[in-house]
Structures are given as C-alpha cells and as structure tokens.
Amino acid sequence: MWSSLYLCIYLPFTCISAASITRSGSCQLQGRFRLNGMFKEGDLIIGGLFAFHLITVFPELNFKREPEQSHCERFYMASFQQAQTMVFAINEINNNPNLLPNITLGYHLYDNCVKLGVAFRSATALLSGTEETFSNFNCTGPPPVIGIVGDPGSTHCIAISSVLGLFRIPMVSYYATCSCLSDRKKYPTFFRTIPSDAFQVRAMVQILRHFGWTWVGLLYSDDDYGINAAYSFQKEVQLFGGCVSFSEILPLDNNQIDIHRIVQVIQASTARVVVVFSTEAYLLPLMDEVVLQNVTGRQWIASEAWATSSVFHTQRLLPFLGGTLGIAIRRGEIQGLHDFLLRLHPDSNLKNNMVRIFWENMFGCSFDTGGREGKRICTGQEDLRSTNTAYTDVSELRASYNVYKAVYAIAHALDGLMQCQEGRGPFSGNSCANISNLKPWQLVHYLQIVNFTTGFGDHVSFDKNGDALAIYDVMNWQPSPDGSIVVHTVGVVDEGAATGKVLTLDEDALYWNVETNKSPRSVCSESCPPGTRRARRKGLPACCFDCLPCADGEISNISDSIECIVCPDEFWSNTDKNQCVPKEVEFLSYEEPLGISLSTASLLGTCICSAVVVIFAHYRHTPVVRANNSELSFLLLVSLKLCFLCVLLFIGRPQLWTCQLRHAVFGISFVLCISSILVKTMVVIAVFKSSRPEGKNAMKWFGAAQQRCTVLVLTALQVIICAVWLSNASPKPHKNSQYINSKIVYECTIGSVAGFSMLLSYIGLLAAVSFLLAFLARNLPDNFNEAKFITFSMLIFCAVWIAFIPAYVSSPGKYAVAVEIFAILASSFGLLISIFAPKCYIIILHPERNTKKALMGRAT
C-alpha cells in the first residue's frame with residue numbers, strides 16, 4: 001500500500017519519466033479531488049488541514065459509472081476560526097519587516113471532514129500542487145508546500161506523517177495528541193504545539209486522584225487518538241490505585257444499536273465518573289442518546305478534544321453535561337485577531353469556496369442564484385458584528401492559539417534558515433540552504449531547534465520528539481444566564497511547575513451538577529479505615545473490596561491498608577486495631593483481689609502459728625506439750641511458719657532474688673516440716689516399742705540428740721539439692737507470651753527441670769515415709785496417740801500435692817502461681833490444724849485432760 005502511495009506522491013518532487021510526458025511536453029493531472037478550501041499564493045506556501053465539517057456523507061459505490069465524491073455536512077465554526085487564525089498569522093508575518101523580509105508566505109487550506117480518506121486526499125493535493133499541468137523537468141524551485149499545519153486528528157496525522165516522513169516534509173499539528181506520534185523513528189518530521197496524550201492522561205489522573213475518584217467509566221473513540229489514550233489511561237489509573245468500571249468504544253459508524261447499549265452500560269454502572277477520550281464527531285450521537293434515556297447524575301471528564309467544544313454548550317445538554325471537568329490546551333490571546341475575523345467577506349474566487357460555505361452557514365442564506373427552498377440569497381455584505389458564535393468568540397483561544405504558534409514556528413524556522421551564513425551552515429561542508437531551491441528536510445532541522453516567545457508571553461520550542469512544553473488548563477462547564485453552558489478555567493496542570501505542585505485547583509469556583517453542589521463520590525468500595533485491611537472481592541477489579549478487621553495482635557495505621565502489620569513481641573493491638581500498645585504485664589500482685597486473699601491467708605497462717613507457739617511456750621511444762629519431744633513441736637511450728645511466709649515470695653513482680661528464693665525456701669521449709677513430723681512419728685513408734693520388754697532400749701538409740709541430728713541431716717540434704725540447683729541453673733524472671741498472646745506473663749523460670757523435680761521428689765519421699773509410718777502406728781494403745789493425727793495430716797498433705805500437679809500444669813500465667821500458693825497454704829493449714837488443733841483444744845478448753853494420767857489413760 002505504502003509503496004504505491006509513495007510512487008503516486010513522489011512524482012511532483014522528482015524529475016518525471018518520459019513515459020509520463022505528453023506530446024505537448026508537460027504532465028497533466030489525471031483527476032481532481034472535489035475539496036473545499038482557501039488559498040493565497042506566495043513565494044512559499046504553507047499547507048493547512050482543518051475540520052471545517054464534522055460529518056462526511058459517502059455516496060453509493062456501484063462502479064457502473066464514475067464514482068461520485070463524498071460531501072461534508074454540519075459546519076464547524078470553531079474550526080473555521082482556527083483556519084482564519086492561520087490566515088491572520090501569515091498576514092501578520094508578511095507585514096512584519098523583522099521576520100522573513102522579502103519573502104511572502106501563501107497558504108493552501110483544505111477541509112478534512114473528520115475522515116481519514118478526505119484528509120489523505122487533501123494532503124495529496126497539498127503535496128502535488130494545484131497546477132493542471134507540470135512542465136518544469138529541472139526539478140528546481142520550492143516544493144508545492146514547505147510544510148503543513150495540521151491535521152487535528154491523531155489517526156490522520158499518523159497516516160499522513162508516515163508519507164510526509166518519506167520526503168522529509170515537516171508537519172506541525174495543533175491538535176493531534178496521540179503519544180505514539182512521539183516516535184521519531186516512525187515520524188521523523190512530525191511536530192506539534194499541543195502536549196501529547198502521555199501528559200494529558202497523567203493530568204486527568206491527577207484530577208481523579210485529587211477528588212478520590214477511584215471507580216470510573218471509560219469511553220473512547222475508535223481511532224488512534226482514543227485507543228492509545230485509553231490504553232495509557234488504564235495503565236496510569238492502575239498505578240494510582242483506581243479501577244475502570246467499564247470500557248467502551250464509541251462506534252465509528254455511529255451505529256445506534258451500539259450507542260444505545262453503551263448508554264445502558266453507563267446507566268447500569270455504579271461509577272459516577274465517566275472519562276471520555278473522543279472528538280465531537282464521535283460523541284455527538286452518544287449525547288443525543290444520553291438525553292433520550294435521561295442519564296443524569298454523572299460527572300463527565302472531558303479530554304482536550306472536546307473539553308471546550310461549543311457544540312455541546314446548549315440548553316438541552318446542561319442538565320446532563322453541567323459540571324463537566326475537562327483538560328484543555330493552554331489558552332492564549334492574539335492581539336488584532338477579533339477585528340480580523342470580523343473583516344472577513346466572501347470573494348468571487350471559486351477556489352476560496354470555504355469562505356462562501358462559512359457565510360451561508362453563518363447567515364442562513366445561499367449564494368446559489370437559483371435560491372434554495374426556505375433560504376434567502378446571500379449578498380456578501382452581511383455584518384459579522386451582529387453574530388455571536390464560536391467563530392467570533394476569542395475569549396478562549398486554545399486550538400486557534402496552537403495554530404498561531406504552529407505557523408510562527410515554521411516562520412521562525414524559515415527565518416533561521418535564511419539568516420544562515422555561508423561557511424557556518426549546519427549542512428555538509430558547513431553549507432546553508434538555498435531559499436530559491438529549498439528542500440523540505442532542511443527546514444526540519446531548523447524546526448527542531450526553533451525557540452521563540454509569542455506576544456502572549458508563551459515560550460515555544462520542541463523537545464527531541466517534536467513535542468511542545470506540557471501545560472493544560474482545567475475547565476469546568478457551568479450554567480450561563482441564558483440557560484446554556486459556559487466554560488470557565490478553574491485550575492492548571494503543569495508538570496514543570498516551579499513549586500512542584502502539578503495540579504492547582506480553585507475549588508470554590510467549581511460547579512457540581514448535583515443537589516448538594518459538592519464533589520460526587522465515585523468508588524466501588526468505601527475506603528477502609530485504620531484497623532482494617534482490604535480483601536479483594538472475587539471476580540471484581542482491585543477497587544472492589546471488603547474491609548476486614550485486623551486479627552488480634554495486628555494493626556493497620558493507614559487507610560486502605562492491603563495487609564495488617566504484626567505487632568512486635570512485647571506489643572499488642574489496641575481495641576481499634578490501629579496502634580501497637582505495650583502488652584499488659586501479668587503477674588500475681590498484691591493489689592488484685594486474688595493476691596490480697598492469698599497474702600492474707602499466708603499472714604493468717606503465720607499468726608496462728610505464732611499463737612500456737614505462744615500457747616505451747618506458756619504451757620511448755622504440761623504433758624500435752626512435752627509429749628513426743630516438745631522441741632520437735634516448736635521446730636515444726638517454726639517450719640510451718642516459714643511455709644506460710646514463703647508464700648509472700650510468690651506474690652509480686654518477679655525479681656531475680658525472689659525467683660531464686662521462692663522455691664528454695666519452700667523446699668527447705670517443707671523438708672524441715674516433714675522431717676520434724678517424720679521424727680515425731682518415729683518417736684511415737686520408739687516409745688511404744690520401749691514399753692515392751694523386748695524393746696526396752698529403743699529410746700536409748702533415739703534420744704533428743706538423735707532426733708535433732710536426724711532432722712538436721714534430712715534438711716541438709718534438701719539444702720544441698722537447692723544449692724546445686726541454684727548454682728547450675730538458677731531460676732530467673734521471664735516474660736512469657738505463649739500462654740496469652742495479648743499479655744506478657746511475668747513469671748519465674750525453674751531453670752533446671754531436674755533440680756526442681758529432685759526438690760519435689762525429696763519432699764514427696766519424706767511425706768510418703770511419714771505417712772506410711774504414721775499409718776502403721778495409728779492403732780498403738782495410747783489415749784492420746786499422735787500418730788493418728790499425723791496420719792490424717794499426711795493424708796491431707798499428699799492429697800493436696802497430688803491434686804496440685806494437674807492443676808498446676810493446666811493453669812495459665814499467674815493462675816499457675818496461685819495454684820502453687822494454694823497448695824502450700826492448704827498443706828500447711830492441714831498440717832497445722834491436724835497436728836496442733838487437738839492439743840490446743842485440750843490445753844485451752846479441757847485443761848483437766850492435760851495430765852499425765854489422762855494421757856496415759858489412767859484418769860478416772
């Protein structure tokens with residue numbers, strides 16, 4: 001395709017072969033396109049492509065006769081203003097003695113009718129020239145056009161610039177924004193005075209981010225502009241955390257079935273914001289359907305292609321499009337343009353038929369002398385000052401301002417080319433270009449380095465890709481006094497802003513087309529507050545999620561957290577799960593009720609022991625006290641007192657010394673206690689045996705000294721066990737988080753399991769031996785047989801400590817300590833009451849029984 005097209009267009013730029021020469025020695029055009037345009041001759045011609053019409057009507061093609069050419073409808077006043085701006089700029093340059101002196105610029109402007117076929121025909125006409133015949137076979141002189149301003153459409157520019165690049169003819173577009181055109185390898189001679197879609201997309205995403213709109217719909221035209229912009233938009237939206245609810249292509253052929261379906265998709269979606277990348281031609285049929293189906297409550301985001309388009313500024317569309325936010329190219333001011341536009345009048349030159357078409361549409365008349373039904377004859381003297389259309393409105397010069405800059409860019413490039421000094425030129429051999437035999441590629445070099453400032457103060461230059469400086473205005477569609485739509489500038493998007501703030505918005509000046517006049521919400525799921533995490537809903541985009549509370553011990557301290565953070569070991573999540581707080585340190589303290597109760601019981605036992613000691617000391621000479629060695633009784637009371645007091649070492653915040661002493665004191669106290677009971681039991685048995693003839697000498701070998709020595713030896717063994725244990729693996733304070741994750745249980749580690757086991761085993765062994773001996777001596781003939789009470793006390797002691805083991809293992813945290821304390825208190829009280837209560841009963845309440853005869857059973 002491109003090779004044949006190359007041959008067709010190449011002919012005007014090269015020497016033509018003999019086969020193409022007619023007998024008269026000249027080449028003739030084989031056909032002519034019926035194109036609408038405006039013309040002015042000059043030394044050098046600049047071409048222009050504009051969308052004077054928005055709709056192209058194609059004839060039926062049956063190829064039984066010569067095909068008719070298409071014709072265009074729906075005249076576009078704003079585009080005609082853009083073309084006249086180019087005419088104005090060229091006239092201004094021609095009248096400027098400091099810019100291109102002695103050179104007169106001309107122009108050839110054509111209508112593209114917003115169709116690629118028509119645009120390509122127009123471009124071909126510009127490249128081929130308009131002369132009927134061609135007889136200059138020397139191939140000298142300037143080309144038919146030195147450059148082209150346009151086309152406004154990205155698809156058109158892609159196709160046309162691909163061909164122009166073959167001949168290195170520059171093309172400066174004022175409205176084509178497809179980022180694909182920045183590819184210098186594909187489009188080496190393409191320039192533009194409008195930022196590319198790469199920046200436009202980022203600018204629109206900045207607006208979405210500013211208002212928190214993460215759930216949006218997307219519509220785009222079925223051309224390179226829409227497809228490339230939509231692709232870039234979807235990638236950028238995902239990067240900032242947004243999602244596209246729906247993505248629909250506006251049909252190329254305005255198919256009503258597809259348009260109806262698209263509007264239903266818009267209405268069914270929960271997305272309140274709809275982003276549209278399209279030109280007016282694609283969007284007009286959709287808006288007609290929006291009105292028909294009464295789709296309101298949507299916030300439209302307009303791309304630069306229609307953000308300032310006047311065709312939508314009607315009273316009919318205000319309820320639907322009011323409040324629209326759009327990205328518009330930079331507004332500028334052109335001094336003298338308004339007066340120039342008003343001075344326009346049609347002439348008799350048939351080649352300038354575009355002016356006549358404009359005149360007919362502006363005043364509703366016709367130049368056809370036969371007249372048209374319902375229309376009057378145009379005189380050509382109608383006054384443009386009496387009109388108020390997009391053509392005469394110069395308050396918002398955007399696309400027209402870009403056209404103005406494009407023309408001046410070519411003019412400044414030409415001026416730089418003409419000022420070249422021979423021997424210092426940029427071309428081979430330091431040569432300069434020859435203006436009388438100008439090659440288009442020479443102009444491309446100067447366009448690439450062009451650098452000037454407009455009368456409005458805007459700097460114009462191109463980067464290495466031919467792109468202009470990136471800056472946009474943010475527009476807001478607001479109601480006007482007459483009920484139509486008026487566009488106001490409410491902000492700026494400037495990536496090169498010195499302040500570093502890309503988006504600047506005057507939110508007080510914004511108009512929202514909702515009852516509250518506040519920014520609408522457009523999210524698939526509301527933001528997850530701190531303390532929760534996002535859980536994506538299956539089968540839906542990432543913006544659709546549920547907010548799940550963080551698990552215990554985890555937090556999220558930001559909104560929309562994807563995952564919860566686990567708190568450090570000594571911290572736990574607070575109630576709201578948004579902050580890690582120090583874990584509650586749990587230990588059995590004196591302040592809590594359980595600690596108070598146990599310490600009270602401990603002190604009570606100590607006091608009782610002290611009271612019993614006082615009683616026994618006062619009645620130390622009585623038979624009850626003296627029975628079975630009163631010294632052992634006092635030793636037993638002291639050991640029981642130590643057992644009660646050791647409980648206090650288990651209560652309170654664990655420290656190194658308390659951890660080391662609690663089990664050692666407990667073990668030694670109980671061994672002292674049990675060994676005293678064991679010796680008392682042995683004394684009972686020895687006394688009984690000594691009362692028999694065969695055991696007269698039993699007490700001889702088990703006197704007071706032997707009893708003390710036995711207690712001392714038995715206790716010393718426990719002291720040795722404790723000493724070895726504490727020296728090798730001493731208990732120490734430990735923060736345990738395994739029992740309860742939300743708390744730190746401050747406890748004492750036992751250090752060595754073997755040491756602790758030996759301590760308990762030794763106590764158990766002594767208790768078992770004492771119980772066995774006491775059980776065997778329970779039926780000895782004595783009116784006051786202490787062995788019975790020792791048996792009962794040992795029974796209580798063993799039962800308590802046997803029950804202690806499973807209770808201790810199954811109790812968490814401080815309750816394990818409480819179980820151990822309870823076992824100590826229970827066994828201590830059991831021993832105290834079982835052994836000493838009967839004696840105190842006799843001493844206090846029945847002193848008559850506190851005699852030797854009563855004890856020996858001889859009292860009457």
Side-chain angles (χ1 to χ4, degrees), residues 200-220 226 229-230 233-234 236-237 240-248 250 262-278 280 283 286-287 289-291 293-309 312-314 316-328 472-480 484-491 493 503 505-527 541 543-544:
Q200 179 188 192
V201 166
R202 292 198 297 270
M204 297 178 79
V205 169
Q206 284 287 337
I207 294 176
L208 298 181
R209 186 197 303 271
H210 179 81
F211 291 107
W213 294 331
T214 57
W215 187 236
V216 299
L218 176 63
L219 303 177
Y220 57 97
F233 177 79
Q234 289 178 325
E236 290 288 337
V237 165
F240 102 91
C243 297
V244 176
S245 171
F246 60 85
S247 179
E248 296 289 340
L250 298 175
I262 292 172
V263 173
Q264 286 186 326
V265 170
I266 296 172
Q267 200 161 20
S269 173
T270 57
R272 301 290 96 185
V273 176
V274 182
V275 178
V276 183
F277 291 96
S278 175
E280 304 94 332
L283 199 55
L286 179 79
M287 287 306 161
E289 186 67 23
V290 166
V291 174
Q293 294 193 32
N294 192 30
V295 181
T296 57
R298 297 299 185 276
Q299 176 63 48
W300 298 86
I301 306 295
S303 66
E304 42 74 31
W306 66 282
T308 58
S309 177
F312 301 106
H313 300 170
T314 62
R316 185 174 72 103
L317 292 178
L318 176 61
F320 309 94
L321 293 180
T324 295
L325 285 174
I327 296 294
Y472 278 103
D473 289 337
V474 181
M475 313 305 296
N476 184 221
W477 292 19
Q478 302 182 6
S480 64
S484 61
I485 295 175
V486 62
V487 179
H488 289 285
T489 302
V490 293
V493 183
L503 175 63
L505 275 180
D506 181 7
E507 296 197 36
D508 294 334
L510 288 172
Y511 168 77
W512 304 104
N513 195 20
V514 291
E515 292 182 359
T516 60
N517 196 29
K518 293 182 179 180
S519 169
R521 292 279 295 165
S522 186
V523 294
C524 183
S525 299
E526 290 295 334
S527 177
C543 293
C544 300

Do [X] and [Y] make a side-chain contact, defined as non-hydrogen atoms from C-beta onward lying under 4.5 Å apart?
| X | Y | result |
| --- | --- | --- |
| Ser519 | Trp213 | yes |
| Leu218 | Val237 | no |
| Leu325 | Leu510 | yes |
| Glu526 | Arg521 | yes |
| Met287 | Trp300 | yes |
| Leu503 | Val474 | yes |
| Val273 | Trp215 | no |

Work out which heavy atom in [X] is nearest to a heavy atom in [Y]; give both atom names and the distance.
| X | Y | value |
| --- | --- | --- |
| Thr214 | Cys543 | O-SG, 3.4 Å |
| Val263 | Val295 | CG1-CG2, 3.5 Å |
| Tyr472 | Ala328 | CD2-O, 3.1 Å |
| Glu280 | Ser309 | CG-OG, 2.9 Å |
| Gly326 | Ala307 | CA-CB, 4.0 Å |
| Arg298 | Gln267 | NH2-O, 3.1 Å |

Q | Check against side-chain contact (heavy atoms from CB on, under 4.5 Å), Gln299 and Val274 | A | CA-CA 6 Å; Gln299 176 63 48; Val274 182; over 6 Å; no
Q: Please answer whether the main-chain N or O of His313 pairs with a side-chain N or O of Arg316 as donor and acceptor at a distance below 3.5 Å.
A: no
**Q.** Gln200 (side chain) donor-acceptor with Glu304 (main chain) under 3.5 angstrom
**A.** yes
Q) Are Phe211 and Trp512 an aromatic pair by the rule of ring centers under 6.0 Å? A) yes
Q. Pick one: which of Trp306, Tyr511, Phe320 meets ring-ring contact (aromatic ring centres under 6.0 Å, His included) with Trp477?
A. Trp306
Q: Can you sort out the partners of Glu248 under side chain to side chain donor-acceptor pair (under 3.5 Å), two or more places apart, ordered by chain and number?
A: Arg261
Q: Evaluate side-chain contact (heavy atoms from CB on, under 4.5 Å) for Val490 paired with Gln478, printing each intermediate quantity in order.
A: CA-CA 11 Å; Val490 293; Gln478 302 182 6; 4.3 Å; yes
Euclidean distance, [Y] [atom2] relative to [X] [atom1], rounded to 0.5 Å:
| X | Y | atom1 | atom2 | answer |
| --- | --- | --- | --- | --- |
| Ile301 | Met204 | CD1 | CE | 6.5 Å |
| Asn513 | Thr324 | CG | OG1 | 8.0 Å |
| Ile485 | Leu318 | CD1 | CG | 5.0 Å |
| Gln206 | Glu236 | CD | CD | 9.5 Å |

Q. Hey, mind stepping through Phe246 and Ile262 against side-chain contact (heavy atoms from CB on, under 4.5 Å) and telling me if it holds?
A. CA-CA 10 Å; Phe246 60 85; Ile262 292 172; 5.9 Å; no
Q: Would you kindly say whether the two SG atoms, from Cys524 and from Cys544, are closer than 2.5 Å?
A: yes
Q. Would Leu219 and Ile266 satisfy side-chain contact (heavy atoms from CB on, under 4.5 Å), going step by step from the backbone distance to the final call?
A. CA-CA 10 Å; Leu219 303 177; Ile266 296 172; 3.8 Å; yes
